[in-house]
Amino acid sequence: MHFWDQAFDTPGYKYGTEPNAFLRAQAHRLPPACAVLVPGDGEGRNGVWLARQGHTVFSVDGSAVGLGKARALAAQQGVLLRTAQVDLADWAPPPASADAVVLTYVHLPPALRAGAHRRLAGALRPGGWLILEAFHPLQLRHTSGGPQDAALLYTLDLLRADFAGLREVLAFEGEVQLDEGPGHQGTAHVVRWVAQAPADEGGNA
């Protein structure tokens, strides 16, 4: 994770301190005071915002530098944020431990992506929510951020295959305007996806 330690080891916050706009727009789906897992939370902008909304948040990332800044941001804003340094290549959250999983620009290599996504989906309780935004392969036309390798970029079809056990609620591929710190600025081609875990056998979502 040397790359991300270097990326985050600068003054300020690479992607700002405000939450991702899509997360903010979709957060109404989450039940009050729920347990949210935020993999790849980096410097903590999304996890801290979710904690400010009253949720119990577990932010995980591969970068110790990023997590240190996330804890500092949480302290500054007066909220509790549980953190852990993990490698999504092999880390598995406890099954049925989260009411929501939030994945914002977590781009994984093809060799480990599907397995990591399955493990993260397994963290959802019955009726739990997955909220995801990532760069689409057409993002390579733009300079607003993201990996410069098409193999690391996502389409709706790819997400539907990886998270086949979830029920699709919202799906979008297209251009948006990003304003997320110095790291994400300008026109971007993204994929946005919201899905829900099946209800339990009693029919409760």
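Bear in mind the structure is a predicted one, so any value in this text is a computation, not a measurement. FYI, side chains are in, hydrogens and waters are out, and symmetry mates aren't considered; it's all heavy atoms of this structure.
Considering OG1 of Thr83 and CG of Asp41, their distance stands at 9.5 Å, rounded to 0.5 Å. Note: Leu112 CG to Leu88 CG = 8.0 Å, rounded to the nearest 0.5 Å. Taking OH of Tyr13 as the start and CG of Leu73 as the end, the distance is 4.5 Å to the nearest 0.5 Å. Arg45 contributes atom CZ, which lies 8.5 Å from atom CG of Leu23 (distance to the nearest 0.5 angstrom). In this structure, CZ on Phe58 lies 14.5 Å from CG on Leu50, to the nearest 0.5 angstrom. One finds the CH2 atom of Trp193 at 6.5 Å from the CG atom of Leu159 (value rounded to the nearest 0.5 Å).
Side-chain contact annotation: Gln85 with Asp61, donor-acceptor N/O pair under 3.5 Å absent. Side-chain contact, Arg82 with Ser59: no donor N or O sits under 3.5 Å from an acceptor N or O. If you check the side chains of Ser144 and Gln139, you find a donor sitting under 3.5 Å from an acceptor.
Using a 4.0 Å cut-off between a side-chain N of Lys or Arg and a carboxylate O of Asp or Glu, Glu173 and Arg192 do not qualify as a salt bridge. Glu18 has a carboxylate O that lies under 4.0 Å from a charged side-chain N of Arg24, or vice versa, which qualifies the two as a salt bridge. Using a 4.0 Å cut-off between a side-chain N of Lys or Arg and a carboxylate O of Asp or Glu, Arg113 and Asp162 qualify as a salt bridge.
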* Criterion side-chain contact (heavy atoms from CB on, under 4.5 Å) on Val190 and His136, from CA distance to verdict -> CA-CA 5 Å; Val190 303; His136 185 275; 5.8 Å; no

* **Pair Glu133-Asn20, side chain to side chain donor-acceptor pair (under 3.5 Å): steps then yes or no** => CA-CA 9 Å; Glu133 179 169 285; Asn20 171 259; 3.0 Å; yes

* For Glu180 and Tyr105, what are the C-alpha separation, side-chain angles and deciding distance, and is it a side-chain contact (heavy atoms from CB on, under 4.5 Å)? -> CA-CA 12 Å; Glu180 301 184 326; Tyr105 297 109; 3.6 Å; yes

* To do: Start with the C-alpha gap between Val194 and Phe22, add the side-chain angles, then the distance that decides, and say whether side-chain contact (heavy atoms from CB on, under 4.5 Å) holds.
  => CA-CA 10 Å; Val194 176; Phe22 183 61; 3.6 Å; yes

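A donor-acceptor pair is defined here as one N or O able to donate and one able to accept, closer than 3.5 Å; no such pair exists between the side chain of Lys69 and the backbone of Ala64. With hydrogens and angles ignored, the 3.5 Å screen pairs no side-chain donor or acceptor of Arg167 with any backbone N or O of Gln196. A donor-acceptor contact shorter than 3.5 Å links the side chain of Glu43 to the backbone of Lys14.
Under a hydrophobic-cluster definition in which Ile, Leu, Val, Met, Phe, Trp and Tyr are linked whenever side-chain heavy atoms come within less than 4.5 Å, directly or via other members, Val169 and Val102 are assigned to the same cluster.
Between Leu120 and Leu103 there is a side-chain heavy-atom pair separated by less than 4.5 Å. Residues Val38 and Val57 have side chains in contact (heavy-atom distance under 4.5 Å, counting atoms from C-beta outward). Two residues are said to be in side-chain contact when any heavy atoms from C-beta on lie closer than 4.5 Å; Thr56 and Val36 fail this criterion. Counting heavy atoms from C-beta outward, Leu140 and Leu153 have side chains that approach closer than 4.5 Å. Contact annotation: the side chain of Asp149 never approaches that of His107 to less than 4.5 Å [non-hydrogen atoms, C-beta and beyond]. The side-chain heavy atoms of His117 and Tyr154, taken from C-beta on, include a pair separated by under 4.5 Å. Residues Phe163 and Arg118 fail the side-chain proximity criterion, which asks for heavy atoms closer than 4.5 Å. No side-chain heavy atom of Leu156 sits under 4.5 Å from any side-chain heavy atom of Phe172.
Taking each heavy atom of Pro19 and Asn46 in turn, the nearest pair found is CA-OD1, 3.4 Å. Summarising the geometry of Ser63 relative to Gly66, their closest heavy-atom pair is OG-N, 3.0 Å, with the distance given to 0.1 Å. Counting all heavy atoms, side chain and backbone alike, Leu166 lies closest to Ala195 at CB-CB, 3.8 Å. Of all non-hydrogen atoms in Val60 and Leu67, the two that sit nearest each other are C-CD2, 4.4 Å. Across all their heavy atoms, Ala100 and Leu30 have their closest contact at CB-CD2, 3.5 Å. Pairing each heavy atom of Pro39 with each of Val106, the nearest pair is O-CG2, 3.4 Å.
Note on ring orientation: taking the six-membered ring where Trp is involved, the planes of His142 and His189 are parallel (angle under 30°, cut-offs 30° and 60°). A tilted orientation is assigned to the rings of His184 and Tyr15, their planes being inclined by 30° to 60°.
Residue-environment remark: CG (Leu170) exceeds the threshold of 12 foreign heavy atoms within 6.0 Å. Atom CZ of Arg141 is surrounded by 12 or fewer heavy atoms from other residues, nucleotides or ligands within 6.0 Å.
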